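Below, chains carry the letters A, B, ... as their sequence lines are ordered, and counting in each starts from 1. The model shown is predicted, which means the values in this text are computed figures rather than measured ones. The figures that follow rest on heavy atoms only: side chains count, while hydrogens, waters and symmetry mates do not.
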Amino acid sequence: MPSDLATVQQLLRQQRPAEAWAALETLLRQEPPSLEALLLAGRIQLALDQAPQARTYLTHAATLAPRSPAAHFLLGFCLYLDNDFTPALASLNTARQLRAADGPTLLYLALTHEGLADVEAALKLYPEAIRQNPSPEAPLAFARLLFTLHRLSEAHTQIKEALRRDPQYREAYSERARLHLEAGHFAEAVADAEHALTLPGLPQTERQLHFLLARAYQKLRNEPKARLHREAFERIPPRLVR
Amino acid sequence: MFWPLLFSAALLTGAALFLSGPTLSYRHDNGLSERRRLPENMGPGVAIFDYNADGHMDIAFPTALFRNDGNLKFTDVSAEAGLRKDLFGLGVTTADYDNDGHPDLLVTGWGTPLLYRNLGNGRFAPTPLAAPGLWTVSVFFDADNDGLLDLFLGHFAAYDPAAEPACKYNGVFHYCHPLSYPAHPSRLYRNRGQGRFEDISATSGIGAALGKVFGAVATDINSDGLLDLFVANDSVANFLFLNRGNLRFDEIGLDSGVAYSADGNPRSGMGVDAADYDGDGREDLFVANFNRERFSIYRNLDGLNFSDQAGPTGIGPATQMYSGWGLKFFDRDHDGDEDLLVVNGHPDDRIETLSQTLTHKEPTLYFENDRGKFTVSRLGANLPARGLALGDLNNDGHLDFVIATNGEAPVVYLGTPHPANHWLGLSHPALVPGAIVRWSAGGVIRQKRINSHGSYLSSHDPRLVLGLGKDTEAEWVEIQSKWRATKLKADRYHAF
């Protein structure tokens, strides 16, 4: 039975998750288990959409290594995904104290403040998260917040930044289509959403795009296309979590 | 950004807006089981109405009736009124469906919905209305303008207790997600007069829509003189039934923008209401959703298209952490605009074992309307709230409210006077759903449409209280084109 972390990671790369998990469990049974093994176990459980199990491993990791920013960040990230924002905020704040300029930490801090309806704090954090994070996710998340506040032109600016970072970013086109729809610019909404459908992305975005196209084509009185997208939208089940 | 500062400031003043009211000798029996079965966390609703025409508003729950003896003294008259205690009741609605001048009661729940005819002598006679089911909201409204109140009867999901799924977390039962239960049609009944109702679900189009109905309100969204129906569903798309006339309805929720969130996701709609919150003459729609979904305030753009203004109005951030149920627009401070009250509570009484963020009992939120933007105040202790009914229990013109709680005792709050503003109460047979009331005070003309019910499984004092601002007289008041009066004095009820 392999029992080192490199082997576990190799098995994961080989798409052999069951064997990888068995190997990792051997490492987790060591007393005390290694921080890296606990973090990897947490990551795997998160990838499997098993937030409660991930929380157990990551809580253990953060307790074992209280000065590890990675442990606190991953725990905060896990709690955020599990919608338990109050403890998520505490973990992410700890991670920030340990590693001040970490882009992902700042991004999830902003998202967590938003989740807790502390919009003022989120509005302050997003620009810093965007500066420290080269990925397009941060400006897109900021754009979404601005959209909910109906600050549409500022949202457009953030989407432009997301697309500058990744010109093939489907979620950014999808979000821009939403902005156009809200503003009553239906032809522009259709153009962005149709383009987004040609790009790779998550199934949930695909559902959102069909929803948006159904509404936009209906406003443009293009009934056949509206019906087509409405049917496609209804074929993809929504993802509902409580 | 206007609202975060206002939010904080308003928290400090919330307690002065309402005072604790009388206690009622009633405790809701939710049938709580270890298994945590679906109907347990749904009820109850509450109704405020004057069943014995003594001028004092009484309070009904699905299995209890409290007579208001004046001076805020309430007596339990459930037995002598003939209310059945053996129902698993959820909703309670009042309306005079037979036009005999005595308000009747409709009780929904898990089982057979009962229509209680008010006999006018303090007693009610029950009649089964439909086959057993998980019946939730009932809305009386005149769908065809024939002067008789028709009835929408909402049904939650198809529910078979023998097939109740087991939803466990960490080995402990919790209530299952509504997705665990299949959607089910609701019903529309035409009032044929003389107490007879005809099921027109199929021909009207209402029966074709499969939902999980909680809240519903009848209002006229496109000002065509026909009452439409807005229906909130849990975990499936909301319905907006547009009344096409001749008792036919088209479901236009998706096209109008009220069916889903902006992402196209169904939300967990519970309580609803309609009101013209921004004073543009069109009825807007409100839905209380589940925590993290934000509540929706749909601004009516042109009669058929809506835009969710939860963000810019301040409603979204203020409601993000709560699960809302009963709610009602009303003019608390008599300044002529529509304020809002929302009661909340997480449906899972064991949520605190899973989350350090959420709580089972949640605050009551009062939203003060300031030209279409809202500032929020938290009122009193957190509650496992469900139904909410508004009414003037002590006839002082300041609207009081009753919160029905799940598995606990109801809570009554009394409205307090505004230091400067005046009011005018109206009681008139023409105050029926759909009617538009217009009034002038100090040269300012205001208007309000009467909607049917709103809230969650509840109904309200049928009298209307109009805000006059600082004026002590209404120059004129009119109800549609049917009735008009001039020079009505403020701070009293006028009955016609």
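- Once rounded to the nearest 0.5 Å, the distance linking OG1 of B:Thr357 with CG of A:Leu79 reads 8.0 Å.
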Kindly determine whether A:Arg230 and B:Leu254 satisfy side-chain contact (heavy atoms from CB on, under 4.5 Å), including the steps that lead there. CA-CA 9 Å; A:Arg230 184 175 183 151; B:Leu254 176 60; 3.4 Å; yes
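- Heavy atoms closer than 4.5 Å to chain B are found in both the backbone and the side chain of A:Leu116.
- At most 12 heavy atoms of other shown residues, nucleotides or ligands fall within 6.0 angstrom of atom CZ in A:Arg43.
- Considering only heavy-atom pairs separated by less than 4.5 Å from chain A, the leading option among B:Gly316, B:Ala262, B:Ser307 is B:Ala262.
- Between B:Gln320 and A:Glu114, the shortest heavy-atom distance links the atoms NE2-O, 2.7 Å.
- Other residues, nucleotides and ligands place more than 12 heavy atoms under 6.0 Å from the NZ atom of A:Lys219.
- Annotation: salt bridge (Lys or Arg N to Asp or Glu O under 4.0 Å) contacts involving residues 49-58 of chain A, sequence neighbours excluded, comprise A:Asp49-A:Arg239, A:Arg55-A:Asp82, A:Arg55-A:Asp84.
- Contact between A:Thr148 and B:Pro312 at its shortest, heavy atoms only, is O-CD, 3.5 Å.
- Here the side chains of A:Phe85 and B:Met321 are in contact, with some heavy-atom distance below 4.5 Å.
- Separation of atoms OG (B:Ser256) and CZ (A:Arg215) is listed at 7.5 Å; rounding is to 0.5 Å.
- Contact of A:Glu175 with chain B is not made at all, since no heavy-atom distance falls under 4.5 Å.
- No side-chain heavy atom of B:Asn265 sits less than 4.5 Å from a side-chain heavy atom of A:Phe211.
- Side-chain atoms of A:Arg207 come within 3.5 Å of backbone N or O of B:Gly264 as a donor-acceptor pair.
- In summary, of the residues considered (B:Pro266, B:Ser261, B:Ser235), a side chain to side chain contact (heavy atoms under 4.5 Å, CB included) with A:Pro238 occurs for B:Pro266 alone.
- For a residue to count as touching a neighbouring chain, one of its non-hydrogen atoms must lie under 4.5 Å from one of that chain's; by this rule B:Ser323 does not touch chain A.
- Counted within 6.0 Å of CG on B:Asp302, heavy atoms from surrounding residues, nucleotides or ligands total more than 12; the atom is thus considered enclosed.
- For B:Arg36, the side chain to side chain donor-acceptor pair (under 3.5 Å) partners at least two apart in sequence or on another chain are B:Asp349.
- Proximity to chain A is limited to the backbone of B:Asp308, based on heavy atoms less than 4.5 angstrom apart.
- Closest of all the heavy-atom pairs between B:Pro317 and A:Ala117 is O-CB, 2.9 Å.
- Residue B:Leu301: no heavy atom, backbone or side chain, is found under 4.5 Å from chain A.
- Checked for salt-bridge contact, B:Asp263 and A:Arg178 meet the test: a charged N lies under 4.0 Å from a carboxylate O.
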